[in-house]
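Just below is one structure, and these are the notes that go with it.
Just so we're on the same page: letters track the sequence lines, and every chain starts at 1.
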Protein chains: 2
Amino acid sequence: MITSLSSSSPVASTAEEEAYLYLQRSLRLGRYKAGDRLIPEDIAAEIGMSRMPVREAFRRLAADGLVTLRPNRGCVVAGLTLDELNETFEIRSVLEGLAVRLALPKMTAEHFEELDRLLLRMERAGEAGSSDWVLRHQEFHAYIYGLSARPKLIRQIAALHVAIEPYMRIWLDYAEKPLSAREEHQALIDALRSGDVAQAERVMEDHVLGTASLLAEFATPGRR
Amino acid sequence: MITSLSSSSPVASTAEEEAYLYLQRSLRLGRYKAGDRLIPEDIAAEIGMSRMPVREAFRRLAADGLVTLRPNRGCVVAGLTLDELNETFEIRSVLEGLAVRLALPKMTAEHFEELDRLLLRMERAGEAGSSDWVLRHQEFHAYIYGLSARPKLIRQIAALHVAIEPYMRIWLDYAEKPLSAREEHQALIDALRSGDVAQAERVMEDHVLGTASLLAEFATPGRR
DNA sequence: GTTTGGATAAGTGGATACAAAAATCCAGTG
DNA sequence: CACTGGATTTTTGTATCCACTTATCCAAAC
């Protein structure tokens with residue numbers, strides 16, 4: 001059972017893998033700003049290898065949508081405009097809705113109990129938005145998606161989460177209004193318990209889109 | 001306006017780009033079988049370059065899901081099990097449904113006329129399944145998705161099409177029963193003309209899933 | 001003061017060389 | 001005759017080098 005929304009294994013067996021994980025981590029933590037140029041030589045020096053594996057890592061990051069690669073122009077940290085960010089949430093909403101639709105028919109009483117436990121753990125992890133809470137929150141969602149038993153779907157969802165993460169971080173820092181986290185997730189569980197697939201799917205879609213609209217409030221229209 | 005479902009520009013300005021396009025083409029045309037190993041040195045020799053750009057092309061192909069890359073094990077042509085193939089269609093159905101949902105509100109009378117023209121061109125391109133017809137069919141769909149004005153969504157859809165293409169080709173070769181192509185696409189246009197967003201979205205979802213179930217008939221359960 | 005051209009520096013792309021890992025082959029053993 | 005262990009071959013991964021493209025900077029011209 002997949003319980004993590006990370007898009008790749010955490011073991012770096014090759015230099016390329018190490019570079020990839022290092023850069024992904026740096027990007028997710030917001031070490032670079034959108035538009036920053038990543039110079040292979042510098043990064044290679046930081047982690048003690050040559051430019052070559054770093055270049056290949058760039059290619060993978062580009063595929064993840066975290067950086068942009070142009071011939072002879074190097075590697076630039078990708079920025080999402082508000083439009084692109086919203087688009088990503090739209091895509092997430094249908095994919096995560098689909099995951100719920102596929103997961104629900106497989107759910108048994110034990111699964112619901114586990115969801116209750118995960119929700120509890122999430123609440124106990126602190127403020128909605130704290131880094132512990134974010135982890136538990138991902139766990140909660142990943143658990144549901146995992147039940148769909150659709151590896152490709154899960155990977156796609158994970159990739160979108162990775163791409164949005166830097167922005168979420170900014171947003172969470174600003175979050176003044178308390179997230180209606182408890183209510184929303186309880187509603188999600190309730191919808192699942194009701195067994196109404198279409199309803200559960202819609203609740204998940206709305207949950208994801210709700211996050212997007214919340215995010216929009218803190219972003220200025222032209223913002224990258 | 002994006003009118004092609006190809007996932008990248010066709011101009012090869014660098015050796016890596018050339019290798020990528022060459023390999024993508026070979027894979028889409030079914031030159032290799034699933035499980036075949038791609039030897040960088042051989043491919044490099046074929047197109048007259050060193051292994052290095054070929055290696056980088058491999059990474060991009062892996063991101064597209066066309067090949068699998070394992071450390072020290074090289075590059076293997078990806079195979080989709082019937083389950084994975086069905087999963088891909090499930091994902092396509094919600095993404096293409098979303099595209100329709102977003103496109104419809106922007107459609108005017110001219111757009112509908114263009115759709116009529118595209119359908120006509122598709123019919124005139126020959127047998128459903130011929131390579132000309134496939135192209136026109138893609139054009140038809142791409143036109144609708146393009147109207148959604150969601151670049152990322154369109155790219156994701158395109159990527160899934162590329163991944164499935166080799167299988168579609170096999171399937172189309174076997175297709176004995178006439179595709180109900182005309183009726184299905186006319187129904188799609190009708191649904192769009194009705195202006196009922198939810199209905200149009202559902203028609204598109206069914207259209208995509210219908211293709212999947214048709215495909216399933218020709219595949220043996222354990223097939224790669 | 002702004003613009004333009006070109007020298008110079010910086011950086012990228014690709015090829016070759018070398019090291020390390022995996023696959024293959026083969027002889028010896030049970 | 002199947003199996004094991006190790007040498008050999010093949011292939012992959014990484015570093016270094018060179019050629020070429022792009023960016024930067026400065027001076028001369030308008």
Side-chain angles (χ1 to χ4, degrees), chain A residues 8-27 31-79 224, chain B residues 7-27 31-79:
Chain A
S8 60
S9 103
V11 188
S13 56
T14 65
E16 186 274 341
E17 186 78 10
E18 189 186 338
Y20 175 70
L21 292 173
Y22 174 81
L23 285 169
Q24 188 182 69
R25 196 159 177 287
S26 298
L27 288 164
R31 176 178 160 193
Y32 305 108
K33 288 196 304 290
D36 281 1
R37 188 164 173 193
L38 298 180
I39 289 132
E41 201 138 4
D42 295 354
I43 289 153
E46 277 175 42
I47 41 184
M49 64 182 65
S50 81
R51 293 169 14 200
M52 202 61 72
V54 176
R55 274 181 51 170
E56 300 191 349
F58 282 171
R59 282 251 143 63
R60 256 212 282 177
L61 294 168
D64 294 343
L66 291 172
V67 302
T68 306
L69 236 43
R70 281 163 60 206
N72 289 314
R73 297 279 165 92
C75 180
V76 170
V77 177
R224 310 204 100 247
Chain B
S7 63
S8 59
S9 104
V11 189
S13 56
T14 65
E16 187 275 339
E17 185 78 11
E18 191 186 334
Y20 174 70
L21 292 173
Y22 175 81
L23 286 169
Q24 180 173 282
R25 196 160 175 285
S26 298
L27 290 164
R31 175 177 161 194
Y32 305 108
K33 289 196 304 289
D36 281 1
R37 190 162 169 195
L38 297 181
I39 290 132
E41 203 136 2
D42 294 354
I43 290 153
E46 277 175 41
I47 41 183
M49 62 181 67
S50 80
R51 297 174 348 185
M52 201 61 69
V54 176
R55 268 179 66 100
E56 301 190 345
F58 282 170
R59 292 230 184 270
R60 256 211 283 176
L61 294 169
D64 294 344
L66 291 171
V67 301
T68 307
L69 238 43
R70 282 165 59 207
N72 289 315
R73 297 282 163 95
C75 179
V76 171
V77 177

- Task: Classify every nucleotide of nucleotides 12-17 of chain C by which part a protein heavy atom approaches to under 4.0 Å, writing B for the base, S for the sugar-phosphate alone and - for neither, in 5'-to-3' order.
- Result: BBBBBB

- Scan for salt bridge (Lys or Arg N to Asp or Glu O under 4.0 Å) pairs involving residues 35-51 of chain A, sequence neighbours excluded, and state none if there are none.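 Checked against salt bridge (Lys or Arg N to Asp or Glu O under 4.0 Å) - neighbours excluded - the pairs reaching residues 35-51 of chain A are Arg31(A)-Glu46(A).
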
Write down the atom of [X], the atom of [Y], and the distance for their closest heavy-atom approach.
X	Y	answer
Ala34(A)	Gly79(A)	CB-CA, 3.5 Å
Leu69(B)	Ala62(B)	CD2-CB, 4.1 Å
Ala57(A)	Leu23(A)	CB-CD1, 4.3 Å
Thr68(A)	Ala78(A)	OG1-CB, 4.0 Å
Pro71(A)	Ser13(B)	CG-OG, 3.9 Å

- Listed by chain and number, what are the side-chain contact (heavy atoms from CB on, under 4.5 Å) partners of Ile47(A), not counting sequence neighbours?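 With sequence neighbours excluded, Ile47(A) shows a side-chain contact (heavy atoms from CB on, under 4.5 Å) to Glu18(A), Ala19(A), Tyr22(A), Ile43(A), Met49(A), given in chain and number order.
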
- Message: Among residues at least two apart in sequence or on other chains, which ones pass salt bridge (charged side-chain N to carboxylate O under 4.0 Å, His left out) with Arg59(A)?
- Response: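 Scan of Arg59(A) (salt bridge (charged side-chain N to carboxylate O under 4.0 Å, His left out), adjacent residues dropped) gives Glu16(B), Glu56(B).
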
- How far does CZ of Arg60(B) sit from CD of Gln24(B), to the nearest 0.5 angstrom?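 These two atoms lie 8.5 Å from each other.
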
- Side chain to side chain, Asp64(B) and Tyr20(B), heavy atoms closer than 4.5 Å: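 Yes - at least one pair of side-chain heavy atoms lies under 4.5 Å apart.
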
- Task: Work out how much the helix from dG1(C)-dC30(D) to dG30(C)-dC1(D) bends between its end axes, five pairs an end, to the nearest 10 degrees.
- Result: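 About 20° separates the two local helix axes.
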
- Shoot me the first and last contacting nucleotide of DNA chain D against chain A, ordered 5' to 3', at under 4.0 angstrom to non-hydrogen atoms.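 For DNA chain D, the relevant span reads dT14(D) to dA23(D).
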
